[in-house]
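Given the structure is predicted, the values throughout are model-derived calculations rather than measurements.
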Amino acid sequence: MMDYTALISVKQHKMYDLLFQDFPDVVNITEMCEMLGGISSKSAYKLLQEGKISYFKIGRVYKIPKINILMYLDLFIFNFDQPNFNTLLH
């Protein structure tokens, strides 16, 4: 599993520690619904199935990393290094 906290800036790391601090780093559907303002579980499953929030499953249980919910809310943006294409291909 990827260590997302290694990818975030110091400012984002402090924000991560403060936001949803009462929730574990990996939440279930019920906790995700609460984090998103009390949405229905039907709406939560729809967000997952549409790929709007990344998750993984253990058996039949959905597990959602808290960072993925924060990314869905546009509170975290990762800047991955992009390769430089300074030369033209012939």
### Query
Does the side chain of Phe20 come within less than 4.5 Å of Glu31's, by heavy atoms?
no
### Query
In chain order, what residues pass the side-chain contact (heavy atoms from CB on, under 4.5 Å) check against Lys52, with sequence neighbours excluded?
Leu47, Glu50, Tyr72
### Query
So do the side chains of Leu19 and Leu70 get within less than 4.5 Å of each other, counting heavy atoms only?
yes
### Task
Answer whether the closest heavy-atom distance between the side chains of Ser41 and Met32 falls below 4.5 Å.
no
### Task
Grab the two heavy atoms, one from Pro65 and one from Lys63, that are nearest each other, plus how far apart they are.
CD-O, 3.8 Å
### Minimum-distance pair of heavy atoms, taken over all atoms of Met35 and Val27
SD-CG1, 3.9 Å
### Task
Step by step, work out the side-chain contact (heavy atoms from CB on, under 4.5 Å) result for Ile53 and Ile64.
CA-CA 8 Å; Ile53 299 176; Ile64 306 99; 3.6 Å; yes
### Query
Does a sphere of radius 6.0 Å around NZ in Lys42 hold more than 12 heavy atoms from other residues, nucleotides or ligands, not counting ones at 6.0 Å or beyond?
no
## Note on the structure
Gln49 meets the side-chain contact (heavy atoms from CB on, under 4.5 Å) criterion, sequence neighbours left out, with Tyr55, Tyr62
### Query
For the hydrophobic clusters of this structure (ILVMFWY residues joined by side-chain heavy atoms under 4.5 Å, transitively), does one cluster hold both Val26 and Ile58?
yes
### Task
Please lay out, stage by stage, how Leu73 and Asn68 fare under the test side-chain contact (heavy atoms from CB on, under 4.5 Å).
CA-CA 9 Å; Leu73 295 172; Asn68 292 350; over 6 Å; no
#### Entry: Note, Ile29 side chain near Leu48 side chain (heavy atom, < 4.5 Å)
yes
